[in-house]
Amino acid sequence: MKILVVGGGAREHAIIEALSRDEVTLYVVMKNRNPGIARFCEDILYMAETEIEKITDWAMEKGIEMAIIGPEGPLEAGLVDELQEVGIPCIGPTKELARLETSKSFTRGLFEMFDIPGNAKYAVFHNMDGMREWLERLDEYVVKDDGLCGGKGVKLSGEHLETIEDGLKYAEECIIKHGSVVIEEKFVGEEFSLQALSDGFTVIGSPLAQDHKRAYEGDTGPNTGGMGSYSDHDHSLPFLRPGDYEEALAITQKTCDALREECGVPYKGVMYGGFIATRDGVKCVEFNARFGDPEAMNVLPLLESSFLDICKAMIEGNLKPEMARYKNKATVCKYIVPKGYGVKSLVGAEITMDEDDITKMGAKLYYASVNEENGKVFTTSSRSLAVIGIADDIFEAERICEKAVSSIRGEVFMRHDIGTPEALQKRIKRMSEIRG
Ligand SMILES: Nc1ncnc2c1ncn2[C@@H]1O[C@H](COP(=O)(O)OP(=O)(O)O)[C@@H](O)[C@H]1O
Ligand SMILES: [Mg+2]
């Protein structure tokens, strides 16, 4: 089967690796040369992932039979609509269905309309009328830009916004940029990600993971695309209670059903829910319309069943829960990023590593936004390499990950605290204080 994968990061490297366990011929669209991806591919189109017409022409020329869209940009640009128009089925929603991710007001409204549990108290503003009163009423609040912002559009009271004036000012900026802004209640608890696969009727879960957005250790510094993540052998997380997973999956199933009713077509692809476990149960922060990056690396390497079969079933609409079997292993993923990442990345710095050594230690290496030239690997402005330790428990996975990164050299940095006993203990303690 000829499959097109759109995207050139570590998430797409993991997707391609999962697909390559079956008989497939892989084609990829990416901006830079990702050497991890390139070695799996029959052919590569070097291009921005949002060039939807050019990508569609190329896919037709190559006789592509199925496409998998990695990042959100092309979903928003309508790549799935274009590909479906010429008869290429896709893993990933159409532009209309992708509003699940691209419009936070759409998703909050969907929750409200279909009475889906886990919604926040929220209001959508198109101008400043009544905003001050709403902020005062919420006390602690979150201001969300109503468009795609690459993880940089959300600001929280008490963290980024000190005063009501700060909140008003930021909300106004959002309105100027995207025409509207969502202002919602701030939940208190620990976050987790549930990446579910959907054929538009049935959703099936995967192991939960927790990402780390802040650039520096101890969850400090600027927000990033994600510095690393971990998952546990029981597919839950150490700070959660029994039932949290099921609650998040039930929210996802209801959202899938609501989308089908609202848009009149089934949602085929990944529904990646960001959740917070709070004193009052599981709350939904947002949905994304694709795998998480880094969280894809916590689940896809554990998949024992065929990812290709799952993708086919999503397209045919006969997905069954038993189709996705994941190993009972823990994973820790840490990103190696260019010096300055989060503020101003050092672009074009060479990175060296011993891939055999990394594999020998039982870890996995996924290339991210790097560029290979003449057999050498260079940084771009985004994350460089993801290293994943896999073991029976999180601490062992963390140790494997740390040993494996030791051969990586260059002007780069990473967070060593992800998945350590100290970091985990802090989260467990915090959660038990919140929930009593
Ligand atoms: N209602 C909320 N309560 C508490 N924290 C929130 C809330 N909404 C968002 N956040 C925090 O802000 C981060 C980014 O918000 P999110 O809705 O995931 O947007 P995006 O990923 O598009 O930036 C979340 O990961 C979470 O830490
Ligand atoms: Mg998010």
Side-chain angles (χ1 to χ4, degrees), residues 11 71-73 75-76 98-112 116-124 134-135 137-161 167 170-171 173-174 177-178 180-196 208-215 218-229 237 239 248 251-252 255 270-296 342 383 427 430-431 434:
R11 167 181 51 207
E72 62 276 22
L75 297 173
E76 185 186 44
R99 284 183 295 164
L100 179 66
E101 168 163 6
T102 61
S103 169
K104 300 207 189 277
S105 62
F106 169 78
T107 299
R108 285 288 178 229
L110 196 74
F111 269 58
E112 186 177 325
I116 300 169
N119 205 10
K121 283 188 222 119
Y122 79 101
V124 183
W134 181 243
L135 290 178
R137 213 166 103 198
L138 286 178
D139 188 30
E140 293 279 3
Y141 58 84
V142 183
V143 180
K144 297 188 164 185
D145 197 310
D146 202 16
L148 280 187
C149 297
K152 291 175 182 85
V154 172
K155 293 193 196 281
L156 282 71
S157 68
E159 286 171 47
H160 319 92
L161 307 167
Y170 180 61
E173 283 171 30
C174 295
K177 210 159 63 185
H178 285 121
S180 55
V181 65
V182 177
I183 303 181
E184 64 187 38
E185 72 174 300
K186 182 173 156 184
F187 298 125
V188 179
E190 277 295 324
E191 282 183 74
F192 63 94
S193 307
L194 170 56
Q195 302 167 94
L208 301 182
Q210 190 181 41
D211 185 16
H212 296 68
K213 286 282 175 213
R214 298 300 194 94
D219 296 313
T220 57
N223 272 330
T224 70
M227 292 295 290
S229 51
L237 289 165
F239 52 82
I251 291 172
T252 309
T255 307
V270 183
M271 294 177 67
Y272 149 21
F275 296 96
I276 297 191
T278 74
R279 190 201 295 272
D280 310 314
V282 171
K283 304 290 181 186
C284 183
V285 167
E286 64 157 354
F287 267 104
N288 295 307
R290 47 165 174 96
F291 277 114
D293 188 348
E295 295 99 316
R383 297 167 293 181
R427 290 180 157 81
R430 175 160 182 262
M431 208 57 237
I434 290 169

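Computed from a predicted structure; not experimentally measured. Note that ligands are numbered from 1 as they come in the structure, with each ligand's atoms numbered from 1 the same way.
- Proximity of Lys104 to ligand 1 is established by a heavy-atom distance of less than 4.0 Å.
- A donor-acceptor contact under 3.5 angstrom links the side chains of Tyr122 and Glu112, judged on distance only.
- Those atoms of ligand 1 that come under 4.0 Å of a heavy atom in Lys186, given as number and element, are 3 (N), 4 (C).
- Scanning the protein for heavy atoms near atom 17 (O) of ligand 1, the closest one is Lys144 NZ, 2.9 Å.
- Contact annotation: Glu101 has no heavy atom less than 4.0 Å from any atom of ligand 1.
- Heavy-atom proximity to Glu185, at under 4.0 Å, picks out these atoms of ligand 1: 1 (N), 2 (C), 3 (N).
- Among protein heavy atoms, the minimum distance from atom 3 (N) of ligand 1 is reached at Phe187 N, 2.8 Å.
- For ligand 1, the atoms lying closer than 4.0 Å to a non-hydrogen atom of Leu156 are 5 (N), 11 (C), 12 (O).
- Judged by distance alone, the side chains of His178 and Asp145 do bring a donor and an acceptor atom under 3.5 Å apart.
- Taking the ring centre of Phe291 as origin, the terminal cationic atom of Arg11 falls outside the region bounded by 6.0 Å and 45° from the ring axis.
- Under the side chain to side chain contact (heavy atoms under 4.5 Å, CB included) rule, Val142 has a single partner from Leu161, Ile183, Leu156, which is Leu156.
- For Arg279, the CZ atom sits in a loose shell: 12 or fewer heavy atoms of surrounding residues, nucleotides or ligands are nearer than 6.0 Å.
- Closest to atom 16 (P) of ligand 1 among all protein heavy atoms lies Glu286 CD, 3.6 Å.
- Looking only at N/O/S atoms, Glu286 comes nearest to the Mg ion (ligand 2) through OE2.
- The heavy atom nearest to atom 14 (C) of ligand 1, considering only Val154, Val285, Val182, is found in Val154.
- Between Val154 and Glu184 the shortest side-chain heavy-atom distance does not fall below 4.5 Å.
- Near Glu184, meaning under 4.0 Å from one of its heavy atoms, ligand 1 places the atoms 1 (N), 2 (C), 7 (C), 8 (N).
- Ring-plane geometry between Phe287 and Phe275 is classed as perpendicular, the angle between the planes exceeding 60 degrees on a 0 to 90 degree scale with a lower cut at 30.
- Side-chain contact of Glu295 with Ser193: a donor-acceptor pair under 3.5 Å is present, judged by distance alone.
- Of all the atoms in ligand 1, the ones that sit under 4.0 Å from a non-hydrogen atom of Glu191 are 24 (C), 25 (O), 26 (C), 27 (O).
- Each of Arg214, Arg427, Arg430 was compared with Asp219 under the salt bridge (Lys or Arg N to Asp or Glu O under 4.0 Å) criterion, and only Arg427 meets it.
- Heavy atoms of other residues, nucleotides or ligands lying less than 6.0 angstrom from NZ of Lys152 number more than 12.
- Residue Ile276 touches ligand 1 through its side chain alone, judged by heavy-atom distances below 4.0 Å.
- For the pair Gly151 and ligand 1, a heavy-atom separation below 4.0 Å is found.
- Atom 2 (C) of ligand 1 has its closest protein heavy atom at Val142 CG2, 3.6 Å.
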